[in-house]
Amino acid sequence: MVAAPAPDVRAARRLVVKIGSALLVDRKSGLKQGWLSALAMDVAEAKVRGTDVVLVSSGSIALGRKVLGLPEGVLTLEQSQAAAAVGQIRLARAYEEVLAPHGITTAQVLVTLEDTEDRRRYLNSRATMETLLGLGVVPIVNENDTVATDEIRFGDNDRLAAQIAVTVGADQLILLSDVDGFYTANPKEDPTAIRFDLVDTITPEIEAMAGDPISGLSKGGMKTKLLAAKTAVAGGCAMAVMEGSTLRPLTALAQGANRTWFVAGADPQLARKRWINAMKPKGELLLDAGAVTALRAGKSLLPAGVTRVTGTFGRGEPVAILSPEGAVLGKGLVRYTSAEAKQIAGHRSGEIEAILGYQGRAALVHRDDMVV
């Protein structure tokens with residue numbers, strides 16, 4: 001069997017880059033300004049190529065503890081949250097200052113893993129991120145360590161980055177780390193360890209090779225990176241692990257730097273469509289002929305094209321989409337509850353606010369959340 005070719009970061013349509021704490025913050029001097037400025041040049045070049053870029057950044061706790069003068073070693077939960085509160089504002093400002101000279105607008109997005117696992121929050125996050133990317137903004141995503149608890153203790157920013165990559169439909173995720181790839185064993189403990197250039201299937205043998213954290217600043221070891229890889233590739237997103245301390249790490253990756261690519265079996269859109277298609281519908285939307293024509297032309301489903309709503313469902317849950325004769329045309333994730341959908345069915349999008357009392361989304365089911 002011929003091995004899958006390694007992805008090219010220069011060909012990414014939508015790129016998520018995760019930056020580890022140890023790359024961004026020095027224990028003694030604080031923020032590594034020169035490294036961050038060089039990364040900004042890579043981001044600017046990617047934007048010029050037409051690539052959407054999202055940065056998932058660790059570092060708020062590491063930066064905040066430096067500012068607050070907290071001691072070395074393990075912090076209490078309260079100390080970690082206090083450090084995060086101080087570090088988050090400085091982290092956001094640092095990214096804004098290095099990207100603004102390139103004409104790039106930044107936005108801070110604070111999330112937790114819970115936000116990506118709760119369907120309602122997931123849809124809100126996805127809509128916000130899509131809007132930001134559509135406006136050319138580079139979102140700076142940081143785990144909301146000020147209020148998070150388990151996330152601080154277990155350090156899951158690698159997995160958070162994978163969740164964000166799947167949420168925004170990225171085709172590539174790059175984990176900038178303190179190791180140059182995935183090894184058969186911890187290379188700092190076992191000199192015979194071998195690095196993988198490419199992993200096309202995550203087998204139980206591969207999973208058994210994952211080690212523990214290496215650096216003192218970052219909390220995510222190879223176990224979290226492997227979990228991230230499983231999430232990413234299942235969502236159609238290829239993922240690379242590379243040593244990121246070199247200046248211009250994305251340029252280095254494009255030029256053949258050591259790394260391990262975990263290859264995705266399908267593109268993000270196809271993977272998402274399969275996921276939606278596998279869901280059991282909680283309700284049904286009966287369409288008129290005009291809506292059927294619009295869907296087949298690749299349009300979203302608007303309330304005006306719905307003649308009947310059946311079933312009980314919440315926002316973000318799967319529904320079956322039916323033709324006027326009752327034949328199943330497809331499935332989709334609905335943007336309103338069943339009660340709301342019944343109220344606005346048959347009405348124009350401009351009437352939604354008057355009916356529901358708030359300004360809702362124009363589409364009942366967005367085309368990206370639909371399989372026809």
Side-chain angles (χ1 to χ4, degrees), residues 1-9 12 15-24 56 58 74 113 116-117 143 150-166 170-246 249-250 252-266 268 271:
M1 189 172 84
V2 178
D8 184 347
V9 69
L15 179 67
V16 175
V17 182
K18 186 263 180 178
I19 298 110
S21 298
L23 298 174
L24 198 61
V56 178
S58 301
V74 178
L113 279 170
T116 64
E117 292 169 350
E143 194 157 17
D150 287 348
E151 289 80 8
I152 287 177
R153 287 199 294 267
F154 294 105
D156 269 346
N157 262 8
D158 292 324
R159 191 151 57 103
L160 176 65
Q163 293 279 9
I164 292 297
V166 173
D171 50 331
Q172 291 187 23
L173 165 64
I174 313 300
L175 300 187
L176 299 181
S177 181
D178 49 4
V179 290
D180 64 351
F182 185 83
Y183 281 77
T184 54
N186 187 335
K188 295 195 176 183
E189 295 177 355
D190 184 353
T192 67
I194 300 171
R195 179 177 49 80
F196 291 90
D197 285 331
L198 199 71
V199 175
D200 52 17
T201 305
I202 300 174
T203 63
E205 291 76 19
I206 292 288
E207 293 189 59
M209 296 172 187
D212 292 315
I214 295 171
S215 76
L217 277 176
S218 61
K219 293 186 178 182
M222 276 299 156
K223 289 181 180 177
T224 67
K225 288 173 176 55
L226 206 56
L227 284 171
K230 292 175 73 172
T231 298
V233 299
C237 178
M239 189 189 95
V241 177
M242 69 172 293
E243 204 282 322
S245 65
T246 182
L250 299 184
L253 177 61
Q255 294 175 349
N258 287 351
R259 80 292 184 264
T260 299
W261 276 106
F262 293 87
V263 182

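Numbers here are sequence positions counted from 1.
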Testing the basics here: between G181 and M222, what is the closest heavy-atom pair and its distance to 0.1 Å? O-CE, 3.2 Å

Which value, rounded to the nearest 0.5 Å, describes the distance between K18 atom NZ and L173 atom CG? 10.0 Å

Run through L175, D197, D180 and flag the one making a side chain to side chain contact (heavy atoms under 4.5 Å, CB included) with R259. D197

Sorted by chain and residue number, the side chain to side chain donor-acceptor pair (under 3.5 Å) partners of T184 (sequence neighbours excluded) come out as none

For P249 and M242, work out which heavy atoms get closest and say how close. O-CE, 3.4 Å

Can you sort out the partners of A229 under side chain to side chain contact (heavy atoms under 4.5 Å, CB included), two or more places apart, ordered by chain and number? I202, M239, F262

Minimal heavy-atom distance between A254 and V9, with the atoms involved, is CB-CG1, 3.8 Å

Rounded to the nearest 0.5 angstrom, the CG-OG1 distance for L23 and T246 is 10.5 Å

List the atom of G236, the atom of A264, and the distance in Å for their closest heavy-atom pair. C-CB, 3.5 Å

So, do Y183 and D190 sit near enough that their side-chain heavy atoms are less than 4.5 Å apart? no

Side-chain contact test, heavy atoms from C-beta onward, threshold under 4.5 Å: evaluate it for K225 versus D158 and give yes or no. yes

I need the minimum non-hydrogen distance between A185 and A193, along with the two atoms involved. O-CB, 3.5 Å

Worked check of side-chain contact (heavy atoms from CB on, under 4.5 Å) between L226 and E207: CA-CA 7 Å; L226 206 56; E207 293 189 59; 3.8 Å; yes

Can you confirm whether L15 sits close enough to L250 that some side-chain heavy atom of one is under 4.5 Å from a side-chain heavy atom of the other? yes

Short side-chain to backbone donor-acceptor contact, Q163 and T231, under 3.5 Å: no

If I take atom CG from residue N157 and atom CD1 from residue I164, how far apart are they, to the nearest 0.5 angstrom? 10.0 Å

Is any side-chain heavy atom of F196 closer than 4.5 Å to one of V241? no

Nearest heavy-atom contact between S58 and S21 is CB-OG, 3.3 Å

Min side-chain heavy-atom separation E243-N258 under 4.5 Å: no

